[in-house]
Amino acid sequence: ALPICLFCKIAAGQIPANKLFEDEQILAFYDIDPQAPVHFLVIPKKHIPSAACLTEQEGALLAHIYAVIARLCRELGCENGYRVVTNVGADGGQSVPHLHFHVLAKRSLAWPPG
Ligand code: 5GP
Ligand code: ZN
């Protein structure tokens, strides 16, 4: 069946993306509207609507995502730090209903967020 979800289409290669890393489970690609000098997204290839849908079953998947983020940030020279964000639902500011982790780096990020 053809995916209807935007990030499922990117994961399937039906919509192009500027990819940094890909394996059987996950894909990392640059955000189309970057909010920092480094801004990429990491998604599971499997469709999960948001972090609100995660269970203990996804423990290894999440560990893998964070390990790949750490490696990519090291390779990109983000030694001053970075931020990982996953927005959930309307109040969280989620606009694409497929779990994704924003990785922002190479500028000083404000806290608390807006
Ligand atoms: P959210 O608002 O759901 O937390 O994050 C969705 C992110 O996906 C946004 O930062 C937005 O710029 C990015 N985005 C939306 N459509 C596309 C696309 O087609 N390609 C890429 N690379 N990023 C996208
Ligand atoms: Zn999806």
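Both ligands and their constituent atoms are indexed starting at 1 by order of listing. One is the number of the first residue; the rest follow in order along the sequence. This one's a predicted model, so the numbers in the text were calculated from it and none came from an experiment.
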Query raised in the report: Quick check: are there more than 12 heavy atoms from other residues, nucleotides or ligands sitting under 6.0 Å from CG of Asp23?
Result: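 Count over threshold, so yes.
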Query - Atom CD of Glu75: over 12 foreign heavy atoms under 6.0 Å - result: yes
In the protein, what heavy atom is nearest to [atom], and what distance, to one decimal place, separates them?
atom	result
atom 23 (N) of ligand 1	Ile32 N, 3.3 Å
atom 16 (N) of ligand 1	Leu6 CD2, 3.4 Å
atom 22 (N) of ligand 1	Tyr30 O, 2.9 Å

Requested in this report: With atom 7 (C) of ligand 1 as the reference point, say which of Val96, Leu99, Asp31 has the nearest heavy atom.
Outcome: Asp31
Query raised in the report: Is a side-chain N or O of Thr86 found less than 3.5 angstrom from the main chain of His100, in a donor-acceptor match?
Result: yes
Atoms in ligand 1 with a heavy atom of [X] nearer than 4.0 Å:
X	value
Gln94	3 (O)
Phe29	21 (C), 22 (N)
Asn87	4 (O)
Asp33	12 (O)

How many angstroms lie between atom [atom1] of [X] and atom [atom2] of [Y], to the nearest 0.5 angstrom?
X	Y	atom1	atom2	answer
Leu99	Glu58	CG	CD	9.0 Å
Gln14	Leu6	CD	CG	11.0 Å
Ile69	Leu76	CD1	CG	11.5 Å
Leu104	Asp31	CG	CG	8.0 Å
Cys5	His98	SG	NE2	5.5 Å
His102	His39	NE2	NE2	5.0 Å

Query raised in the report: Under 3.5 Å between some N or O of ligand 1 and some N or O of His100?
Result: yes
Requested in this report: Please indicate whether any nitrogen or oxygen in Ser95 is less than 3.5 Å from any nitrogen or oxygen in ligand 1.
Outcome: yes
**Report entry** Criterion side-chain contact (heavy atoms from CB on, under 4.5 Å) on Leu61 and Ile26, from CA distance to verdict
**Finding:** CA-CA 8 Å; Leu61 173 67; Ile26 69 173; 3.8 Å; yes
Classify the contact between [X] and ligand 1 as side chain, backbone, both or neither, using a heavy-atom distance cut-off of under 4.0 Å.
X	value
Phe7	side chain
Asn18	neither
Leu41	side chain
His102	side chain

Query raised in the report: Under 4.5 Å between any side-chain heavy atoms of Tyr82 and Val38, yes or no?
Result: no
Requested in this report: Tell me the protein N, O or S atoms under 2.8 Å from the Zn ion (ligand 2), in chain and number order.
Outcome: Cys5 SG, Cys8 SG, His47 ND1, His98 ND1
Query - Distance flag, aromatic centroids of Phe7 and Phe29, threshold under 6.0 Å - result: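 Judged by ring-centre distance (under 6.0 Å), Phe29 and Phe7 do meet the cut-off.
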Query raised in the report: Heavy-atom contact under 4.0 Å between Gly93 and ligand 1?
Result: yes
Report task. Applying side-chain contact (heavy atoms from CB on, under 4.5 Å), run through Ile10 and Leu27 and close with a yes or a no. Result -> CA-CA 9 Å; Ile10 288 176; Leu27 174 65; 3.7 Å; yes
